[in-house]
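Here's the structure, in structure tokens; my notes come after.
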Number of protein chains: 2
Amino acid sequence: MPSSHPVARSRPGRSTLVAEVADRLRREIVTGTRPAGSKLSEPSLAVEQGVSRGPVREALRQLEREGLVVFDAVGRSRVVTMSAADFADISIVRVALESAAAAHVAACFDDRLRTTLERNIAKMEASRTLTDVSRLDLAFHEAVMEASGRRRLITTWRSIHSQLELWLGSLHRAREAITSDTLAETVRSHCLLVDALAGGDATRAREAAAEHAGGLVRWAPLHGVMPDGTTGSPVFVARS
Amino acid sequence: MPSSHPVARSRPGRSTLVAEVADRLRREIVTGTRPAGSKLSEPSLAVEQGVSRGPVREALRQLEREGLVVFDAVGRSRVVTMSAADFADISIVRVALESAAAAHVAACFDDRLRTTLERNIAKMEASRTLTDVSRLDLAFHEAVMEASGRRRLITTWRSIHSQLELWLGSLHRAREAITSDTLAETVRSHCLLVDALAGGDATRAREAAAEHAGGLVRWAPLHGVMPDGTTGSPVFVARS
DNA sequence: CACTGAAAAACTGTCAACAGTTTTCGCGTG
DNA sequence: CACGCGAAAACTGTTGACAGTTTTTCAGTG
């Protein structure tokens, strides 16, 4: 297993330049090396990364698509600034997509998937940092999405993937340890989801996924630390 | 009301060159002027549209994001080829997103929205071609999505918008007339959705939206005409 | 000291050109 | 006639340069 996230590189066989720039920049953004709101000028990035403006331009557009970079009306780009409201926004999309995927996965659940997921949960139990848990959580859901076999569901989910990483990362930088309570709750929640998926009932799986992802919404902002370091009350998501 | 679709142009104040190319190309693709599978070479497009390769390149990447263009492993681009399975795929995402939006819209439904939607339905009743109905249908759902006020829900929905247009367009070219039965059913379905939204019950609204969008899945492929002109049986979507 | 305004610096949009690779085409051969 | 095979054409990835515009700097002024 690779140590880096299974991030959505561009097409595999392709020229690696724009992908390299995008990967490096993505990492710098999600790790906080480039803080929210930082200016991203093409010439600076070009010399920094030792390439010309072309690839930088394309990389920035890709990161825009991933929601990590925003362009203003004049064409200038900055690292996105996310508020709790934005996180709620993202979570709505996440819940929608993961619920749909769960309903389909329930219909094609097999032992191979069970093994993958349970192995992931086992690693989660052995984790001691939020960063590790987060990485495993993302991998867990990536596996579920892929199991659904619905290509566009997956690509759409991936398009918000990085934003989740960014938000969670900003949370973790403020609070790296994880309590055994939180960990146990996380593990339990994932086990429940696996059970629901294994049950083969689409409706139950859908609801379990919604509950699971919704749990994160209720939990994450309650740490009270916004990505910009300020504290604020989370904007809430109406649950039906 | 503008005669052209309220398509997702790039940033408004921006340089219009890449947006222009993308818009023109998009129209040519969804209208079938450029059939599925057509090669799209940067130099040809550049001379055709009287610009250099740069803007063409960016426009192609944007259309890739919209799912209208695909790149192979070598970097060559073609107009996407959609199968009934792809349409089912897209519909899954659509149902997921529109259901989520409906749940949120139910909580903030007002008379302004009601007027917009009912006016749209009225125009629909007066339509005589599938093309017109489709355009109004898309506008209807765009209005609902926007009413949800969830930015990422909207942008994500927009990212599959063009693919729906492409699929429906290919269907319509094969069969331009619309029976009064189909029209009545369409209108009825939209009215039901409005009622559900107006009801203020998130769960009911969510289900109504799923039912509504799901109806299209069951209906559209049954015309039996695939975008490439062949006939085939639709791949089906498991409903929970 | 705050403020105005012009000059300078920086940045984006666009273009044309080059290098390496892939595809296409036509020719010769079995 | 089918089939390799090599040359030519075409295409993508990348670069550097130029024009127009925006932002920043800074000197001069009240």
Side-chain angles (χ1 to χ4, degrees), chain A residues 7-26 28-29 34-81, chain B residues 7-26 28-29 34-81:
Chain A
V7 90
R9 307 187 81 90
S10 303
R11 299 157 279 287
R14 279 297 287 297
S15 154
T16 57
L17 247 183
V18 40
E20 265 179 44
V21 175
D23 287 349
R24 223 163 342 196
L25 219 47
R26 188 186 301 109
E28 290 176 2
I29 292 175
R34 292 186 186 273
S38 311
K39 290 178 190 168
L40 298 168
S41 91
E42 293 173 10
S44 316
L45 292 173
V47 305
E48 273 177 37
Q49 313 237 354
V51 297
S52 83
R53 275 181 56 206
V56 171
R57 232 179 132 74
E58 272 189 47
L60 285 174
R61 293 318 198 290
Q62 175 162 343
L63 294 176
E64 180 194 24
R65 150 167 72 181
E66 294 177 23
L68 258 37
V69 167
V70 291
F71 285 79
D72 64 17
V74 207
R76 247 126 216 196
S77 52
R78 302 171 148 319
V79 175
V80 70
T81 305
Chain B
V7 89
R9 306 187 80 92
S10 302
R11 299 156 278 286
R14 280 296 286 295
S15 152
T16 57
L17 247 184
V18 39
E20 265 178 45
V21 175
D23 287 349
R24 222 163 342 196
L25 220 46
R26 188 186 301 110
E28 291 177 1
I29 291 175
R34 293 186 185 272
S38 311
K39 291 177 189 168
L40 297 168
S41 90
E42 293 173 10
S44 315
L45 292 173
V47 303
E48 271 177 40
Q49 312 238 354
V51 297
S52 85
R53 277 181 55 208
V56 171
R57 231 179 134 74
E58 272 189 48
L60 286 174
R61 293 319 200 285
Q62 175 164 344
L63 294 176
E64 180 195 23
R65 152 168 70 180
E66 293 177 23
L68 258 36
V69 168
V70 292
F71 285 79
D72 64 16
V74 207
R76 246 127 219 195
S77 51
R78 310 176 91 98
V79 175
V80 70
T81 303

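Lettering of chains follows the sequences in order, A, B, ..., and the numbering in each one begins at 1. The structure displayed is predicted, hence computed values, not measured ones.
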- Message: When you measure from the side-chain N and O atoms of A:Lys39 to the phosphate of C:dT12, is any distance below 4.0 Å, counting only OP1 and OP2?
- Response: no

- Base, sugar-phosphate, or nothing: which does A:Leu60 touch, judged by heavy atoms less than 4.0 Å apart? nothing

- Message: Quick check: do A:Arg65 and B:Glu64 have side-chain heavy atoms less than 4.5 Å from each other?
- Response: yes

- Query: How many Å lie between CG on B:Leu45 and C1' on D:dC11, as a whole number?
  - Reply: 12 Å

- Would you mind reporting whether B:Glu48 and B:Leu45 have side-chain heavy atoms less than 4.5 Å apart? yes

- Task: Return yes if some donor-acceptor pair links the side-chain N/O of B:Ser77 with the main-chain N/O of B:Leu40 below 3.5 Å, else return no.
- Result: yes

- Message: Using whole Å, what does the distance between atom P of nucleotide D:dC11 and atom CZ of B:Arg78 come to?
- Response: 13 Å

- Message: Rounded to whole Å, please give me the gap between CD in A:Gln49 and P in D:dT15.
- Response: 12 Å

- Message: So, taking the atom named CD in B:Glu28 and the one named CG in B:Leu63, what distance separates them when rounded to the nearest 0.5 Å?
- Response: 10.5 Å

- Compare all side-chain heavy atoms of B:Ile29 with those of B:Val69 and state whether any distance is below 4.5 angstrom. yes

- Got A:Gln62 and A:Arg26 here, is their nearest side-chain heavy-atom distance under 4.5 Å? yes

- Message: Let's go through A:Arg61 and B:Arg61 carefully: what are the C-alpha distance in whole Å and the side-chain angles of both, what is the deciding distance for side-chain contact (heavy atoms from CB on, under 4.5 Å) to 0.1 Å, and is it a yes or a no?
- Response: CA-CA 9 Å; A:Arg61 293 318 198 290; B:Arg61 293 319 200 285; over 6 Å; no

- Message: Can you measure A:Leu40 atom CG to C:dC11 atom P for me and round it to whole angstrom units?
- Response: 12 Å

- Query: Is the backbone of A:Gly37 close enough, under 3.5 Å, to the side chain of A:Arg78 for a donor and an acceptor to pair up by distance?
  - Reply: yes

- Task: Have a look at B:Pro55 and say if it touches a base, only the backbone sugar-phosphate, or nothing, with a 4.0 Å heavy-atom cut-off.
- Result: sugar-phosphate

- Quickly work out the B:Arg57 CZ to D:dC11 P distance and round it to whole Å. 14 Å

- Task: Whole angstrom is fine here: how far is it from CZ in A:Phe71 over to P in C:dT12?
- Result: 8 Å

Would you tabulate the nitrogen or oxygen pairs shorter than 3.5 Å linking the protein to nucleotides 7-9 of chain D?
none

Distances for protein N/O vs nucleotides 5-9 of chain C N/O pairs under 3.5 angstrom?
none

- Task: In plain terms, say whether B:Arg24 and B:Glu20 are close enough for a salt bridge, that is, a side-chain N and a carboxylate O under 4.0 Å apart.
- Result: yes

- Task: Mind checking the CZ-OG spacing from B:Arg57 to B:Ser52? Nearest 0.5 Å is all I need.
- Result: 11.0 Å

- Note on the structure: From CD of B:Glu42 across to C1' of D:dT12 the rounded distance in Å is 6 Å

- Find the distance between NZ (B:Lys39) and CZ (B:Arg34) and round it off to the nearest 0.5 Å. 13.5 Å

- Task: For nucleotides 16-22 of chain C, just jot down a letter per nucleotide in 5' to 3' order: B, S or -, based on protein non-hydrogen atoms under 4.0 Å.
- Result: -B----S

- Message: For C:dA10 and A:Ser44 - does any side-chain N or O of the residue sit under 4.0 Å from the phosphate oxygens OP1/OP2?
- Response: no

- Side chain to side chain, B:Gln49 and B:Leu25, heavy atoms closer than 4.5 Å: yes

- Message: I need the CD-P distance between A:Glu58 and D:dT14, as an integer number of Å.
- Response: 8 Å

